[in-house]
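Before any comments, here is the structure.
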Amino acid sequence: MFTLALSVCAQARFSYLHMKYLFFSWLAVFVGSWVVYVEYSSYTELCRGHECKNSICDKFQKGVIDGSACNSLCEKDTLYLGKCLSAKPSNQVYSGSWGDMEGIIKCQMEEDPHYDLGIELEPRKESASFNRPTKGTSMEKFKKMVYSHLKAKVGDQANLADLVTLVFGVADSNKDGQISLSEAHSAWALLQLNEFLLSIVLQDREHTPRLLGFCGDLYVMEKVPYVPLYGVSLPWMVELWIPASLRRSIDQWAAPSWPRKAKIGIGLFELVEDVFHGTFGSFLMCDVSAAGFGYTERHDIKVVDARRIVPEAAFQEAMRERRCEEDSDCMYGRDCLTSCDLTKHRCTTEVTQPNLAKVCSTLKDYLLYGAPSEIKDELEKQLYACIALKGASEQMEMEHSLILNNLKTLLWKKISHTKDS
(Lines give C-alpha, C1' and ligand atoms only; values in the text may rest on other atoms or scores of the structure.)
Protein backbone atom coordinates (compact mmCIF):
# COMPACT_ATOMS: atom_id res chain seq x y z
CA MET A 1 0.00 0.00 0.00
CA PHE A 2 2.82 2.36 0.92
CA THR A 3 4.66 1.50 -2.31
CA LEU A 4 1.51 2.20 -4.33
CA ALA A 5 1.13 5.59 -2.66
CA LEU A 6 4.74 6.47 -3.46
CA SER A 7 4.20 5.40 -7.07
CA VAL A 8 1.08 7.57 -7.38
CA CYS A 9 2.89 10.50 -5.75
CA ALA A 10 5.88 10.11 -8.10
CA GLN A 11 3.57 9.95 -11.13
CA ALA A 12 1.76 13.08 -9.96
CA ARG A 13 5.07 14.88 -9.44
CA PHE A 14 6.31 13.78 -12.87
CA SER A 15 3.05 14.97 -14.42
CA TYR A 16 3.40 18.34 -12.65
CA LEU A 17 7.00 18.76 -13.81
CA HIS A 18 6.00 17.71 -17.33
CA MET A 19 3.20 20.31 -17.43
CA LYS A 20 5.52 22.96 -15.98
CA TYR A 21 8.14 22.17 -18.63
CA LEU A 22 5.53 22.33 -21.40
CA PHE A 23 4.18 25.64 -20.08
CA PHE A 24 7.58 27.32 -19.94
CA SER A 25 8.56 25.86 -23.32
CA TRP A 26 5.36 27.27 -24.83
CA LEU A 27 5.98 30.61 -23.10
CA ALA A 28 9.56 30.76 -24.43
CA VAL A 29 8.35 29.98 -27.96
CA PHE A 30 5.59 32.60 -27.69
CA VAL A 31 7.91 35.31 -26.35
CA GLY A 32 10.61 34.44 -28.89
CA SER A 33 8.11 34.56 -31.76
CA TRP A 34 6.75 37.88 -30.53
CA VAL A 35 10.25 39.36 -30.29
CA VAL A 36 11.09 38.15 -33.83
CA TYR A 37 7.79 39.58 -35.14
CA VAL A 38 8.32 42.95 -33.44
CA GLU A 39 11.93 43.14 -34.64
CA TYR A 40 10.95 42.21 -38.20
CA SER A 41 8.02 44.66 -38.26
CA SER A 42 10.21 47.40 -36.85
CA TYR A 43 12.96 46.66 -39.36
CA THR A 44 10.65 46.67 -42.40
CA GLU A 45 9.08 49.96 -41.25
CA LEU A 46 12.37 51.68 -40.43
CA CYS A 47 14.60 50.27 -43.15
CA ARG A 48 13.39 51.11 -46.64
CA GLY A 49 16.66 51.78 -48.40
CA HIS A 50 15.55 50.08 -51.62
CA GLU A 51 12.55 52.45 -51.83
CA CYS A 52 14.80 55.43 -51.25
CA LYS A 53 17.31 54.29 -53.87
CA ASN A 54 14.59 53.52 -56.43
CA SER A 55 12.99 56.94 -55.93
CA ILE A 56 16.29 58.81 -56.21
CA CYS A 57 17.50 56.85 -59.23
CA ASP A 58 14.19 57.23 -61.03
CA LYS A 59 14.49 61.02 -60.74
CA PHE A 60 18.15 60.93 -61.77
CA GLN A 61 17.41 58.85 -64.87
CA LYS A 62 14.64 61.29 -65.82
CA GLY A 63 17.11 64.18 -65.52
CA VAL A 64 15.31 65.83 -62.59
CA ILE A 65 18.28 65.67 -60.20
CA ASP A 66 22.05 65.26 -60.44
CA GLY A 67 24.99 65.09 -58.08
CA SER A 68 28.43 63.64 -57.50
CA ALA A 69 27.04 60.34 -56.18
CA CYS A 70 24.34 59.72 -58.80
CA ASN A 71 26.35 57.68 -61.31
CA SER A 72 27.87 55.51 -58.59
CA LEU A 73 24.48 54.87 -56.97
CA CYS A 74 22.29 54.37 -60.01
CA GLU A 75 24.47 53.20 -62.90
CA LYS A 76 27.80 51.81 -61.71
CA ASP A 77 26.48 50.26 -58.46
CA THR A 78 29.68 51.23 -56.66
CA LEU A 79 27.78 53.08 -53.93
CA TYR A 80 26.37 50.36 -51.73
CA LEU A 81 23.81 50.67 -48.92
CA GLY A 82 24.83 48.30 -46.13
CA LYS A 83 23.63 47.96 -42.53
CA CYS A 84 20.45 49.87 -41.63
CA LEU A 85 20.94 52.44 -38.86
CA SER A 86 17.59 54.23 -39.20
CA ALA A 87 15.79 55.52 -36.13
CA LYS A 88 12.82 57.02 -38.03
CA PRO A 89 11.08 55.82 -41.22
CA SER A 90 11.35 59.29 -42.79
CA ASN A 91 15.11 59.53 -42.19
CA GLN A 92 16.84 56.55 -43.77
CA VAL A 93 20.41 55.99 -42.52
CA TYR A 94 22.79 53.24 -43.67
CA SER A 95 26.42 52.37 -43.30
CA GLY A 96 27.84 51.70 -46.71
CA SER A 97 30.78 51.76 -49.05
CA TRP A 98 31.65 53.88 -52.05
CA GLY A 99 34.46 52.18 -53.90
CA ASP A 100 37.21 51.84 -51.31
CA MET A 101 35.67 54.47 -48.97
CA GLU A 102 33.40 53.70 -46.02
CA GLY A 103 30.60 56.16 -45.40
CA ILE A 104 27.22 56.85 -43.88
CA ILE A 105 24.39 57.26 -46.40
CA LYS A 106 21.38 59.37 -45.46
CA CYS A 107 18.18 59.64 -47.46
CA GLN A 108 14.99 61.57 -46.76
CA MET A 109 11.71 59.79 -47.48
CA GLU A 110 8.88 61.96 -48.77
CA GLU A 111 6.33 61.12 -46.11
CA ASP A 112 6.95 62.87 -42.82
CA PRO A 113 4.03 62.29 -40.42
CA HIS A 114 4.50 65.42 -38.29
CA TYR A 115 6.70 68.42 -37.67
CA ASP A 116 8.17 69.42 -34.35
CA LEU A 117 7.59 73.14 -34.77
CA GLY A 118 4.67 75.25 -35.99
CA ILE A 119 6.89 76.54 -38.78
CA GLU A 120 9.00 73.64 -40.01
CA LEU A 121 12.77 73.94 -39.70
CA GLU A 122 13.03 71.22 -42.34
CA PRO A 123 10.06 71.51 -44.76
CA ARG A 124 10.28 68.08 -46.37
CA LYS A 125 7.34 68.33 -48.78
CA GLU A 126 8.91 71.09 -50.84
CA SER A 127 12.37 69.59 -51.02
CA ALA A 128 11.21 66.04 -51.82
CA SER A 129 9.36 67.13 -54.97
CA PHE A 130 12.53 68.62 -56.54
CA ASN A 131 10.45 71.25 -58.33
CA ARG A 132 12.53 74.29 -57.38
CA PRO A 133 14.09 76.16 -59.01
CA THR A 134 11.75 76.01 -61.99
CA LYS A 135 12.84 75.53 -65.58
CA GLY A 136 14.17 78.76 -67.07
CA THR A 137 15.47 80.14 -63.77
CA SER A 138 18.69 82.06 -64.41
CA MET A 139 21.85 81.52 -62.39
CA GLU A 140 21.48 85.00 -60.94
CA LYS A 141 17.90 84.36 -59.84
CA PHE A 142 18.89 81.03 -58.26
CA LYS A 143 21.65 82.82 -56.33
CA LYS A 144 19.04 85.25 -55.00
CA MET A 145 16.83 82.29 -53.99
CA VAL A 146 19.69 80.70 -52.08
CA TYR A 147 20.70 84.03 -50.52
CA SER A 148 17.13 84.68 -49.27
CA HIS A 149 16.80 81.15 -47.93
CA LEU A 150 20.10 81.35 -46.04
CA LYS A 151 19.22 84.80 -44.72
CA ALA A 152 16.01 83.35 -43.23
CA LYS A 153 17.95 80.43 -41.76
CA VAL A 154 21.04 82.06 -40.26
CA GLY A 155 20.03 85.74 -40.16
CA ASP A 156 21.23 88.82 -42.03
CA GLN A 157 25.03 88.88 -41.92
CA ALA A 158 27.76 90.79 -43.71
CA ASN A 159 29.41 87.57 -44.90
CA LEU A 160 26.24 85.87 -46.18
CA ALA A 161 27.55 86.12 -49.76
CA ASP A 162 30.53 83.96 -48.71
CA LEU A 163 28.16 81.25 -47.50
CA VAL A 164 26.31 81.37 -50.84
CA THR A 165 29.66 80.88 -52.60
CA LEU A 166 30.41 77.82 -50.44
CA VAL A 167 26.99 76.35 -51.27
CA PHE A 168 27.52 76.85 -55.00
CA GLY A 169 30.95 75.24 -54.74
CA VAL A 170 29.33 72.08 -53.35
CA ALA A 171 26.34 72.23 -55.73
CA ASP A 172 28.65 72.21 -58.79
CA SER A 173 29.15 68.47 -58.51
CA ASN A 174 31.03 68.00 -61.81
CA LYS A 175 33.18 71.11 -61.19
CA ASP A 176 32.50 72.63 -64.61
CA GLY A 177 31.88 76.10 -63.21
CA GLN A 178 28.14 75.96 -63.96
CA ILE A 179 25.07 74.83 -62.02
CA SER A 180 22.68 72.81 -64.17
CA LEU A 181 18.95 72.71 -63.40
CA SER A 182 19.25 69.13 -62.11
CA GLU A 183 22.18 70.10 -59.84
CA ALA A 184 20.19 73.10 -58.61
CA HIS A 185 17.24 70.82 -57.73
CA SER A 186 19.53 68.66 -55.59
CA ALA A 187 21.21 71.65 -53.93
CA TRP A 188 17.90 73.31 -53.08
CA ALA A 189 16.52 70.11 -51.53
CA LEU A 190 19.66 69.59 -49.45
CA LEU A 191 19.65 73.20 -48.24
CA GLN A 192 16.38 72.50 -46.42
CA LEU A 193 18.24 70.10 -44.11
CA ASN A 194 19.98 71.39 -40.96
CA GLU A 195 22.66 68.71 -41.12
CA PHE A 196 23.67 69.55 -44.70
CA LEU A 197 23.76 73.27 -43.92
CA LEU A 198 25.96 72.69 -40.87
CA SER A 199 28.37 70.55 -42.92
CA ILE A 200 28.79 73.54 -45.27
CA VAL A 201 29.18 76.05 -42.43
CA LEU A 202 31.78 73.94 -40.61
CA GLN A 203 33.47 72.30 -43.59
CA ASP A 204 36.88 73.77 -42.68
CA ARG A 205 36.61 72.52 -39.09
CA GLU A 206 37.47 69.04 -37.80
CA HIS A 207 34.29 68.44 -35.80
CA THR A 208 31.93 67.47 -38.63
CA PRO A 209 32.39 64.47 -40.96
CA ARG A 210 33.31 65.34 -44.55
CA LEU A 211 30.53 65.43 -47.11
CA LEU A 212 31.62 62.81 -49.68
CA GLY A 213 28.85 63.28 -52.23
CA PHE A 214 25.12 63.55 -52.92
CA CYS A 215 22.32 62.73 -55.34
CA GLY A 216 19.07 64.61 -54.86
CA ASP A 217 18.57 64.78 -51.09
CA LEU A 218 20.50 61.56 -50.54
CA TYR A 219 23.98 62.34 -49.27
CA VAL A 220 27.07 60.44 -48.14
CA MET A 221 29.11 61.47 -45.11
CA GLU A 222 32.48 60.27 -43.89
CA LYS A 223 32.10 57.35 -41.46
CA VAL A 224 32.98 58.02 -37.83
CA PRO A 225 34.69 54.91 -36.36
CA TYR A 226 33.48 55.14 -32.75
CA VAL A 227 29.80 55.84 -32.04
CA PRO A 228 28.22 56.80 -29.66
CA LEU A 229 30.37 59.28 -27.75
CA TYR A 230 30.25 56.96 -24.75
CA GLY A 231 28.28 53.94 -23.71
CA VAL A 232 27.72 50.45 -25.09
CA SER A 233 24.94 49.68 -27.54
CA LEU A 234 22.85 46.84 -26.12
CA PRO A 235 19.81 44.99 -27.55
CA TRP A 236 16.60 46.67 -26.47
CA MET A 237 15.44 43.54 -24.61
CA VAL A 238 18.57 43.76 -22.44
CA GLU A 239 18.06 47.50 -21.94
CA LEU A 240 14.61 46.80 -20.43
CA TRP A 241 16.03 44.70 -17.61
CA ILE A 242 19.43 46.18 -16.86
CA PRO A 243 19.49 48.52 -13.78
CA ALA A 244 20.53 52.14 -14.42
CA SER A 245 23.44 51.88 -11.96
CA LEU A 246 24.80 48.77 -13.72
CA ARG A 247 24.34 50.46 -17.10
CA ARG A 248 26.43 53.43 -15.94
CA SER A 249 29.15 51.08 -14.69
CA ILE A 250 29.25 49.23 -18.03
CA ASP A 251 29.44 52.51 -19.94
CA GLN A 252 32.32 53.77 -17.78
CA TRP A 253 34.16 50.46 -18.08
CA ALA A 254 33.93 50.58 -21.89
CA ALA A 255 35.08 54.22 -22.13
CA PRO A 256 38.62 55.20 -23.24
CA SER A 257 41.31 56.11 -20.70
CA TRP A 258 40.83 59.40 -18.86
CA PRO A 259 43.40 61.44 -20.90
CA ARG A 260 41.60 60.35 -24.07
CA LYS A 261 38.24 61.26 -22.56
CA ALA A 262 39.70 64.66 -21.71
CA LYS A 263 40.75 65.17 -25.34
CA ILE A 264 37.26 64.19 -26.51
CA GLY A 265 35.81 66.65 -23.99
CA ILE A 266 38.04 69.47 -25.25
CA GLY A 267 36.84 68.71 -28.79
CA LEU A 268 33.22 69.01 -27.73
CA PHE A 269 33.94 72.34 -26.02
CA GLU A 270 35.60 73.53 -29.25
CA LEU A 271 32.48 72.53 -31.17
CA VAL A 272 30.46 74.76 -28.84
CA GLU A 273 32.78 77.63 -29.80
CA ASP A 274 32.32 76.83 -33.50
CA VAL A 275 28.52 77.04 -33.37
CA PHE A 276 28.21 79.85 -30.79
CA HIS A 277 28.52 83.15 -32.68
CA GLY A 278 30.49 81.40 -35.41
CA THR A 279 31.46 82.66 -38.85
CA PHE A 280 27.93 82.29 -40.19
CA GLY A 281 25.81 82.99 -37.13
CA SER A 282 24.79 81.01 -34.06
CA PHE A 283 23.44 77.48 -33.97
CA LEU A 284 21.55 75.85 -31.11
CA MET A 285 22.37 72.32 -30.02
CA CYS A 286 18.92 70.88 -29.34
CA ASP A 287 19.91 67.27 -28.68
CA VAL A 288 23.17 66.91 -26.79
CA SER A 289 22.90 63.17 -26.14
CA ALA A 290 25.87 60.85 -26.46
CA ALA A 291 24.23 59.15 -29.47
CA GLY A 292 24.67 62.29 -31.58
CA PHE A 293 28.47 62.29 -31.35
CA GLY A 294 31.38 59.96 -31.99
CA TYR A 295 35.14 60.12 -32.28
CA THR A 296 38.04 58.99 -34.46
CA GLU A 297 41.04 56.76 -33.75
CA ARG A 298 42.87 59.92 -32.66
CA HIS A 299 40.00 60.74 -30.27
CA ASP A 300 38.84 63.78 -32.23
CA ILE A 301 35.15 64.55 -31.69
CA LYS A 302 32.75 64.29 -34.65
CA VAL A 303 29.07 65.16 -34.92
CA VAL A 304 27.25 62.11 -36.31
CA ASP A 305 23.69 63.44 -36.15
CA ALA A 306 23.32 67.19 -36.68
CA ARG A 307 19.58 67.25 -37.43
CA ARG A 308 18.95 68.96 -34.10
CA ILE A 309 21.76 71.51 -34.39
CA VAL A 310 19.62 74.31 -35.76
CA PRO A 311 20.26 77.91 -36.84
CA GLU A 312 19.26 80.24 -34.01
CA ALA A 313 17.52 82.70 -36.36
CA ALA A 314 15.27 79.98 -37.84
CA PHE A 315 14.57 78.56 -34.37
CA GLN A 316 13.51 81.95 -33.00
CA GLU A 317 11.22 82.63 -35.96
CA ALA A 318 9.57 79.23 -35.53
CA MET A 319 9.10 79.73 -31.79
CA ARG A 320 7.38 83.10 -32.31
CA GLU A 321 4.65 81.23 -34.17
CA ARG A 322 4.19 78.42 -31.66
CA ARG A 323 1.17 78.59 -29.38
CA CYS A 324 1.54 77.43 -25.78
CA GLU A 325 -0.23 76.99 -22.47
CA GLU A 326 2.85 76.21 -20.37
CA ASP A 327 6.63 76.15 -20.70
CA SER A 328 6.74 72.48 -21.67
CA ASP A 329 4.90 73.39 -24.91
CA CYS A 330 7.99 75.36 -25.94
CA MET A 331 10.40 72.45 -26.28
CA TYR A 332 12.24 71.58 -29.49
CA GLY A 333 14.26 68.40 -29.70
CA ARG A 334 15.45 67.12 -26.35
CA ASP A 335 17.30 70.16 -25.04
CA CYS A 336 15.99 73.47 -26.46
CA LEU A 337 13.39 74.91 -24.10
CA THR A 338 12.04 78.45 -24.05
CA SER A 339 9.33 79.89 -21.79
CA CYS A 340 5.64 80.48 -22.50
CA ASP A 341 4.38 84.07 -22.51
CA LEU A 342 0.97 83.53 -20.90
CA THR A 343 -0.27 87.00 -21.87
CA LYS A 344 0.04 86.12 -25.57
CA HIS A 345 0.04 82.31 -25.34
CA ARG A 346 3.11 82.30 -27.54
CA CYS A 347 6.56 80.86 -26.90
CA THR A 348 9.39 83.27 -26.25
CA THR A 349 12.51 83.02 -28.41
CA GLU A 350 15.38 82.76 -25.90
CA VAL A 351 16.44 79.27 -24.78
CA THR A 352 16.70 78.78 -21.03
CA GLN A 353 20.07 76.97 -21.26
CA PRO A 354 22.98 77.78 -23.57
CA ASN A 355 24.77 75.08 -25.57
CA LEU A 356 27.68 74.95 -23.13
CA ALA A 357 25.48 74.09 -20.14
CA LYS A 358 23.96 71.15 -22.04
CA VAL A 359 27.38 69.87 -23.10
CA CYS A 360 28.69 70.07 -19.52
CA SER A 361 25.68 68.11 -18.30
CA THR A 362 26.38 65.39 -20.87
CA LEU A 363 30.12 65.26 -20.02
CA LYS A 364 29.93 65.57 -16.22
CA ASP A 365 29.95 61.89 -15.22
CA TYR A 366 32.09 60.99 -18.24
CA LEU A 367 34.92 63.35 -17.25
CA LEU A 368 34.71 62.99 -13.46
CA TYR A 369 34.96 59.21 -13.50
CA GLY A 370 38.65 58.36 -13.28
CA ALA A 371 39.77 62.01 -13.21
CA PRO A 372 43.18 62.59 -11.56
CA SER A 373 42.75 63.41 -7.86
CA GLU A 374 44.72 66.67 -8.09
CA ILE A 375 42.20 68.26 -10.50
CA LYS A 376 39.00 66.37 -9.71
CA ASP A 377 37.61 68.90 -7.19
CA GLU A 378 38.31 71.88 -9.46
CA LEU A 379 36.93 70.03 -12.48
CA GLU A 380 33.74 69.19 -10.61
CA LYS A 381 33.38 72.81 -9.48
CA GLN A 382 33.79 74.14 -13.02
CA LEU A 383 31.38 71.59 -14.50
CA TYR A 384 28.65 72.43 -11.99
CA ALA A 385 29.16 76.17 -12.61
CA CYS A 386 28.84 75.41 -16.31
CA ILE A 387 25.62 73.42 -15.88
CA ALA A 388 24.15 76.34 -13.90
CA LEU A 389 24.52 78.77 -16.84
CA LYS A 390 21.24 80.36 -17.91
CA GLY A 391 20.47 81.60 -21.39
CA ALA A 392 18.62 84.74 -20.33
CA SER A 393 21.34 86.08 -18.01
CA GLU A 394 22.76 89.49 -18.95
CA GLN A 395 26.25 88.29 -18.00
CA MET A 396 25.81 84.93 -19.72
CA GLU A 397 28.20 85.54 -22.61
CA MET A 398 31.00 86.70 -20.31
CA GLU A 399 30.42 83.79 -17.90
CA HIS A 400 30.13 81.44 -20.88
CA SER A 401 33.56 82.46 -22.23
CA LEU A 402 35.19 82.36 -18.81
CA ILE A 403 33.93 78.87 -17.90
CA LEU A 404 34.66 77.51 -21.36
CA ASN A 405 38.26 78.73 -21.22
CA ASN A 406 38.70 77.48 -17.65
CA LEU A 407 37.52 73.98 -18.56
CA LYS A 408 39.65 73.74 -21.70
CA THR A 409 42.73 75.04 -19.87
CA LEU A 410 42.24 72.68 -16.91
CA LEU A 411 41.92 69.63 -19.15
CA TRP A 412 44.65 70.63 -21.59
CA LYS A 413 47.25 71.30 -18.87
CA LYS A 414 46.71 67.79 -17.56
CA ILE A 415 47.08 65.99 -20.90
CA SER A 416 49.32 68.30 -23.00
CA HIS A 417 52.46 66.36 -22.04
CA THR A 418 50.95 62.93 -22.78
CA LYS A 419 50.88 61.01 -26.07
CA ASP A 420 47.06 61.26 -26.02
CA SER A 421 47.23 64.99 -26.74
Side-chain angles (χ1 to χ4, degrees), residues 205-208 224-234 239 242-276 285 287-305 309 334-335 353-391 393 396-421:
R205 306 294 293 168
E206 63 181 17
H207 306 308
T208 52
V224 179
Y226 300 101
V227 178
L229 178 64
Y230 58 81
V232 179
S233 296
L234 298 172
E239 290 276 12
I242 192 168
S245 57
L246 178 58
R247 178 62 206 246
R248 283 194 297 272
S249 298
I250 293 173
D251 289 346
Q252 294 289 9
W253 173 80
S257 64
W258 189 86
R260 291 173 174 173
K261 290 194 293 183
K263 185 180 180 185
I264 291 168
I266 290 170
L268 199 45
F269 292 137
E270 289 175 346
L271 174 65
V272 171
E273 290 180 302
D274 287 343
V275 300
F276 182 70
M285 300 169 71
D287 187 349
V288 195
S289 61
F293 304 92
Y295 57 93
T296 67
E297 289 89 350
R298 296 182 60 186
H299 301 90
D300 295 321
I301 190 77
K302 296 282 186 181
V303 180
V304 296
D305 186 353
I309 301 181
R334 196 184 74 127
D335 293 313
Q353 263 195 322
N355 294 333
L356 182 59
K358 303 165 197 171
V359 165
C360 287
S361 182
T362 298
L363 288 177
K364 178 175 69 68
D365 292 339
Y366 182 70
L367 288 178
L368 289 177
Y369 184 87
S373 56
E374 61 269 26
I375 69 162
K376 188 169 185 177
D377 288 345
E378 180 61 21
L379 179 60
E380 185 173 21
K381 175 185 171 183
Q382 292 292 339
L383 285 169
Y384 275 107
C386 176
I387 293 168
L389 285 171
K390 299 297 180 186
S393 169
M396 191 274 291
E397 289 198 28
M398 187 181 299
E399 294 174 11
H400 182 285
S401 297
L402 181 62
I403 291 173
L404 182 59
N405 288 332
N406 287 345
L407 281 166
K408 285 174 61 181
T409 301
L410 184 64
L411 295 173
W412 183 248
K413 279 184 176 179
K414 195 62 190 172
I415 68 168
S416 59
H417 62 284
T418 70
K419 63 180 182 179
D420 298 302
S421 64

With rounding to the nearest 0.5 angstrom, report the [atom1] to [atom2] distance, [X] to [Y].
{"X": "Glu273", "Y": "Leu404", "atom1": "CD", "atom2": "CG", "value": "4.5 Å"}
{"X": "His299", "Y": "Lys261", "atom1": "NE2", "atom2": "NZ", "value": "11.5 Å"}
{"X": "Asn355", "Y": "Cys360", "atom1": "CG", "atom2": "SG", "value": "11.0 Å"}
{"X": "Leu367", "Y": "Trp258", "atom1": "CG", "atom2": "CH2", "value": "7.0 Å"}
{"X": "Asn406", "Y": "Leu411", "atom1": "CG", "atom2": "CG", "value": "11.0 Å"}
{"X": "Phe269", "Y": "Thr409", "atom1": "CZ", "atom2": "OG1", "value": "11.0 Å"}

| Can a salt bridge be assigned to the pair Lys263 and Asp300 using a cut-off of 4.0 Å between side-chain N and carboxylate O? | yes
| Asp274/Arg205 ion pair, N-O < 4.0 Å | yes
Looking at every heavy atom in both [X] and [Y], which two are closest together, and how far apart are they?
{"X": "Pro354", "Y": "Lys390", "value": "CD-C, 3.8 Å"}
{"X": "Cys386", "Y": "Ile403", "value": "CB-CG2, 3.6 Å"}
{"X": "Ile266", "Y": "Lys408", "value": "CD1-O, 4.3 Å"}
{"X": "Ala291", "Y": "Pro228", "value": "CA-CB, 3.8 Å"}

| message | Before you tell me yes or no, could you show the steps for Ile264 and Tyr230 under side chain to side chain contact (heavy atoms under 4.5 Å, CB included), namely the whole-Å CA-CA distance, both residues' side-chain angles and the distance that decides it to 0.1 Å? | response | CA-CA 10 Å; Ile264 291 168; Tyr230 58 81; over 6 Å; no
| Under the 3.5 angstrom rule, does the side chain of Ser401 hit a backbone N or O of Glu397 as a donor-acceptor pair? | yes
| field | Any donor-acceptor pair under 3.5 Å from Lys302 side chain to Glu206 backbone | value | yes
| request: Could you walk me through whether Leu229 and Leu268 pass side chain to side chain contact (heavy atoms under 4.5 Å, CB included), step by step? | output: CA-CA 10 Å; Leu229 178 64; Leu268 199 45; 4.1 Å; yes
| Does the side chain to side chain contact (heavy atoms under 4.5 Å, CB included) test come out yes or no for Leu379 and Leu383, once each step is laid out? | CA-CA 6 Å; Leu379 179 60; Leu383 285 169; 3.9 Å; yes
[Y] side chain reached by [X] side chain, heavy atoms, under 4.5 Å:
{"X": "Glu399", "Y": "Leu389", "answer": "yes"}
{"X": "Arg260", "Y": "Tyr295", "answer": "no"}
{"X": "Met285", "Y": "Val272", "answer": "yes"}
{"X": "Tyr226", "Y": "Thr296", "answer": "no"}

| request: Let me see the working for Leu363 and Leu368 under side chain to side chain contact (heavy atoms under 4.5 Å, CB included), right down to the final yes or no. | output: CA-CA 8 Å; Leu363 288 177; Leu368 289 177; over 6 Å; no
